[in-house]
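Treat the numbers as computed from the prediction; the structure is a model and nothing was measured.
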Amino acid sequence: MTVVSKFLTWKKGNAHVSWALLRLVTQVVFNRDNVPKHIEILDDTLTNHCSRQKRSRWVRTINFLVTPRVVRRLIENRLNKNMATHERVVLSLDKELTQEDIFSKDKKVRQKWGNWYGNHFSEPLRFFVPGNGEYEHFSPKNEACTGYDYQGLEEVVELVKLAEKNDKKIRAVGSGHALTAVAQCEDYLVCTQHMNMTQRPAEDCIKEAYRVGFEVTVNYENKKRKERHFLFETGGGTKIRHLIQALTYHGFALINQGGSSIQSISGAIATSTHGSGIGIGPVSAFVKSITVVGKGGKVFRVEPTDGVTDPELFAKDKMAIKHKITLIQDDEKFNAVMVGIGSVGIIFSMILEAQPEYRLMEERIMRNWEDVKAEMQQDMYRYINAHRHFEVLINPYRDMEAGTEEERKRKCLVTTRNYSQQQHEKHHAGRERNYISTFISGIAISGRLSPWVFNKNHLSIPRMTNNSIKRLVDHTGDEGGGFEDLARNVLDQGLGELKFYGYAIEFGFPLDKVFEAVNLIIRVCEESQRYDHLLAAPFSLRFVKQCPAHLSMMQQSDMCMIELVSVKGVTGSLPLFMRLERELLAAGAIPHWGLSVEPWHREMVEKAFPGFNDWEKEQEFFGGATFRNAFLERIKQS
C-alpha cells in the first residue's frame with residue numbers, strides 16, 4: 001500500500017467515525033427515540049472502520065471537547081429538564097478512578113482512606129506507608145525487583161509492635177475494592193503500595209523439584225492433561241496489573257484472574273476473588289507460600305504440609321535467621337492464612353503458581369436462557385467443563401415490548417474461552433472486543449451519564465440490557481471471528497472507568513442449586529419491576545473449582561458464583577440488592593466477603609462457612625485482637 005493510499009484509507013475511516021458520532025449527538029439532542037438505532041450504527045462503524053489505536057485517539061478527542069465546564073453545563077441543562085432532583089446528572093470530571101491515591105510516607109496523621117464505592121472510609125489515628133518498592137513508576141525491569149525487601153519487612157514488624165505497645169488495632173489496606181467494611185480500621189492503617197519490591201522467579205530455599213518448573217494435571221475441555229507450571233515471588237502490596245507486567249517480563253502469566261486488574265494481589269487472595277472455569281480455583285488457590293507479619297511482630301512463612309520450601313535449607317538461611325522468620329508447613333494453618341480477610345496479619349510477600357504466557361480464544365453468543373438451561377441440566381459438570389472458561393450473563397427481565405415471541409424470550413450471553421495457538425500481527429475487527437463499550441468506557445463523563453440514561457428510560461431497561469448483550473457478541477459465526485489475544489488481555493474485561501460506576505453483590509451456590517437460585521433472582525427482580533425498581537445490568541454465572549481455604553466461598557465444593565450488578569445512582573437498585581441478598585441467604589447462598597450490602601452476623605457466617613470456628617483458632621494464633629477490626633468483632637459478638 002502506497003503512502004497516498006494509506007492516507008486516503010485513514011481519512012476515510014476517520015470520516016466514517018466522525019459522521020456516525022455527529023449523527024448520534026444530533027439524535028441525543030433533538031430526537032432521543034432514535035438513539036438506540038444510532039448507537040448500533042456507531043458500533044458497526046467502530047467495528048469496521050476503527051482500530052484500537054484509532055478508538056483511543058477518538059476518546060482523547062472527545063474528552064478534550066467535553067473538558068470545558070461550559071460544554072458540560074450545556075449538556076446538563078439539556079438532560080436535566082423534567083428530571084427528579086435525585087436523578088439529575090452532574091457532569092463533573094472525576095479523577096482517573098483506575099489509579100489509587102498516592103499516599104505520602106511522611107504524612108502519618110490526618111490521612112483519609114476510602115473504598116472505591118465510597119460507602120466506607122477511615123480517618124485513622126496513624127497512617128503508614130512501609131516498603132521500598134516503586135509504585136508510581138513501577139517497572140519489573142528495575143534491578144531492585146530481583147531482591148527481597150528485608151528493610152521493608154522490619155518496618156512492618158516495628159509498626160505491629162508499635163500498635164500493640166499503644167493498645168491499638170492495625171490493618172493493611174490495598175485498593176479498597178471491597179463493598180463491605182472488611183478493610184476498615186480507625187486506629188492504625190498500613191498502605192501496602194510500596195510493599196511490592198520483590199518480583200522474581202522463586203528460588204531461595206525452594207525444594208529442588210520446584211525450582212525450574214513442575215508438572216501439574218489439569219482438567220479442561222473434559223480432558224486431563226499435563227502442564228508445566230512455575231513459582232513466582234511477589235510483594236504482598238503488588239497491584240494485579242503490576243504483577244501481570246512482572247510475570248510477562250519473565251515470560252509467565254496468571255493461571256486465571258478476575259475481570260479487572262486494579263486490586264492488590266493480597267486483597268484478591270484475602271477475599272477469595274476468582275475468575276471463571278470449573279477446572280480452575282480462585283486466585284487464592286494459586287498461592288503456595290505466604291510470608292505474614294502477625295501479632296507481636298512475629299514473622300511466619302506459612303505453607304501447606306508438603307510445602308514448596310526446603311525446611312533444611314530454610315533453617316540455614318542467614319536472612320531467615322537474622323529476621324527471625326519461622327517456617328510453618330501445616331495444612332490447617334495455611335488454609336486459615338490463605339483467605340484471611342486481613343485479620344491474620346499483614347501479608348508481606350507470597351509465592352504464586354504461574355504458567356508460561358499463553359493465548360486464549362473467546363467466543364460470546366447471544367441465546368435464549370431457557371435453551372441454555374435445558375442443555376446445562378443434562379450433565380452440568382461436563383457441559384461447563386467443555387471449555388477452559390465458561391460463564392453466562394442473564395437478563396433479569398424479558399423485553400415484553402418486543403415485536404415477536406422469539407424476541408420476548410429471556411436472553412443471555414454465553415462466554416467460552418479456550419487455549420489458542422493463533423497469533424495475529426495485524427488489526428482485524430473480529431479480534432477486538434466490545435467496540436462500543438470499550439469506546440464509551442474511556443470517555444470522561446460516561447460514568448456520570450450512565451445512571452441518567454437508566455433513570456430517564458427505566459421502563460426500557462429490559463430492552464437496553466438485551467441490546468447491551470447483543471453488542472458483546474463476538475463468536476466465530478459472525479464476520480468478526482471471535483476475540484483472540486494474550487490471556488491477560490482476554491481475561492481483563494476492559495471496562496475502564498465505567499467499572500467504578502457500577503457495583504455488585506455476589507453469592508456462591510453448589511452446582512445442584514444453580515437453577516433454583518436463578519429462578520429466585522428472576523422472581524424477585526420481576527416483582528420489584530412492578531414498582532419500577534430495576535437492575536441496570538445482566539447478572540452472571542461463573543463456575544469455580546473447590547478451594548480448601550476455611551473462608552473461601554468455594555471451600556465446600558465446586559461452586560457457581562452468581563454476581564448481580566447495577567449502576568450507582570439508578571433509583572431502586574440498592575433496596576433491590578438488599579431484598580435479593582436476604583432471600584438468597586435464606587436459600588443457602590454463600591456471600592462474598594467483599595461484595596455484600598447487608599450486615600454480617602455470626603449465625604450467617606457459621607452457616608455459610610462451616611470452617612469459621614477452626615479459622616478463628618488460627619486467627620488467634622497469627623493475628624489475635626491486634627488484627628480484629630470492627631467488621632470482624634461484630635461478627636464474633638453478634
Side-chain angles (χ1 to χ4, degrees), residues 201 212-232 240 243-261 273-283 285-286 352-365 375-376 379-393 413-434 472-478 480-494 540-547 558 561:
V212 290
F214 52 98
E215 277 196 345
V216 297
T217 301
V218 297
N219 181 12
Y220 311 138
E221 301 172 55
N222 293 310
K223 298 175 184 175
K224 290 188 176 181
R225 67 192 82 182
K226 299 285 187 181
E227 289 185 353
R228 193 160 189 82
H229 290 183
F230 297 83
L231 297 180
F232 192 84
I240 292 178
L243 175 59
I244 290 171
Q245 289 180 37
L247 287 166
T248 302
Y249 177 70
H250 289 278
F252 300 141
L254 290 171
I255 296 169
N256 202 4
Q257 64 188 76
S260 175
S261 57
T273 295
H274 58 90
S276 182
I278 197 65
I280 314 174
V283 178
F286 312 144
L352 302 174
E353 181 181 344
Q355 66 182 100
E357 195 169 53
Y358 60 102
R359 305 180 73 86
L360 290 173
M361 166 63 83
E362 174 184 87
E363 296 188 85
R364 287 177 159 174
I365 308 173
E375 293 174 6
M376 292 174 69
D379 187 340
M380 169 78 94
Y381 188 92
R382 187 169 183 80
Y383 188 88
I384 60 182
N385 193 41
H387 305 275
R388 190 179 192 267
H389 305 266
F390 175 87
E391 57 191 70
V392 187
L393 281 175
L413 183 79
V414 177
T415 299
T416 59
R417 304 183 189 100
N418 293 298
Y419 284 132
S420 170
Q421 300 302 319
Q422 303 178 54
Q423 189 165 352
H424 308 279
E425 296 179 0
K426 295 184 179 180
H427 164 76
H428 182 275
R431 287 181 285 276
E432 297 290 330
R433 124 167 7 112
N434 309 356
L472 292 175
V473 168
D474 64 7
H475 70 98
T476 52
D478 286 349
F483 174 47
E484 190 277 343
D485 206 336
L486 289 166
R488 63 176 181 270
N489 297 326
V490 176
L491 294 174
D492 192 313
Q493 297 304 291
S540 66
L541 311 183
R542 296 198 293 270
F543 299 86
V544 190
K545 185 179 180 180
Q546 184 177 15
C547 174
D558 296 338
M561 297 302 297

*Is it the case that more than 12 heavy atoms not belonging to Arg228 sit under 6.0 Å from its CZ atom?*
yes
_With side-chain contact (heavy atoms from CB on, under 4.5 Å) as the test, pick out the partner of His389 among Ile280, Ile278, Val490._
Ile280
*asked:* Checking side-chain contact (heavy atoms from CB on, under 4.5 Å) between Leu352 and each of Leu231, Leu243, Leu247, which is the one that passes?
replied: Leu243
_I'd like to know if the side chain of Glu227 pairs up with that of His229 as donor and acceptor (distance under 3.5 Å, no hydrogens or angles considered)._
yes
So which atom in [X] and which in [Y] form the shortest heavy-atom distance, rounded to 0.1 Å?
{"X": "Asn418", "Y": "Ala386", "value": "OD1-O, 4.3 Å"}
{"X": "Phe232", "Y": "Ala246", "value": "CZ-CB, 4.0 Å"}
{"X": "Tyr358", "Y": "Ala253", "value": "CE2-CB, 3.8 Å"}
{"X": "Tyr220", "Y": "Arg225", "value": "O-NH2, 3.2 Å"}
{"X": "Leu393", "Y": "Leu472", "value": "CD1-CD1, 4.1 Å"}
{"X": "Gly281", "Y": "Lys545", "value": "N-CB, 3.7 Å"}

*Would Val216 and Glu353 satisfy side-chain contact (heavy atoms from CB on, under 4.5 Å), going step by step from the backbone distance to the final call?*
CA-CA 10 Å; Val216 297; Glu353 181 181 344; 3.7 Å; yes
Which distance, rounded to the nearest 0.5 Å, do you find between the [atom1] of [X] and the [atom2] of [Y]?
{"X": "Arg359", "Y": "Leu486", "atom1": "CZ", "atom2": "CG", "answer": "4.5 Å"}
{"X": "Gln245", "Y": "Arg488", "atom1": "CD", "atom2": "CZ", "answer": "9.5 Å"}
{"X": "Glu362", "Y": "Thr416", "atom1": "CD", "atom2": "OG1", "answer": "8.0 Å"}
{"X": "Lys223", "Y": "Asn385", "atom1": "NZ", "atom2": "CG", "answer": "11.5 Å"}
{"X": "Arg388", "Y": "Asn256", "atom1": "CZ", "atom2": "CG", "answer": "6.5 Å"}
{"X": "Glu375", "Y": "Ile384", "atom1": "CD", "atom2": "CD1", "answer": "13.5 Å"}

*Step by step, would you call Thr415 with Glu363 a side-chain contact (heavy atoms from CB on, under 4.5 Å)?*
CA-CA 6 Å; Thr415 299; Glu363 296 188 85; over 6 Å; no
*Name the orientation class of the two ring planes belonging to Phe252 and Phe230 (parallel below 30°, tilted from 30 to 60°, perpendicular beyond 60°).*
parallel
*With a 4.5 Å heavy-atom cut-off, do Arg364 and Phe483 have their side chains touching?*
no
*May I have the step-by-step check of side-chain contact (heavy atoms from CB on, under 4.5 Å) for Ile240 and Leu254, ending in yes or no?*
CA-CA 10 Å; Ile240 292 178; Leu254 290 171; 4.2 Å; yes
*Please identify each residue that fulfils ring pair (Phe, Tyr, Trp, His ring centres under 6.0 Å) with Tyr249, with sequence neighbours left out.*
none
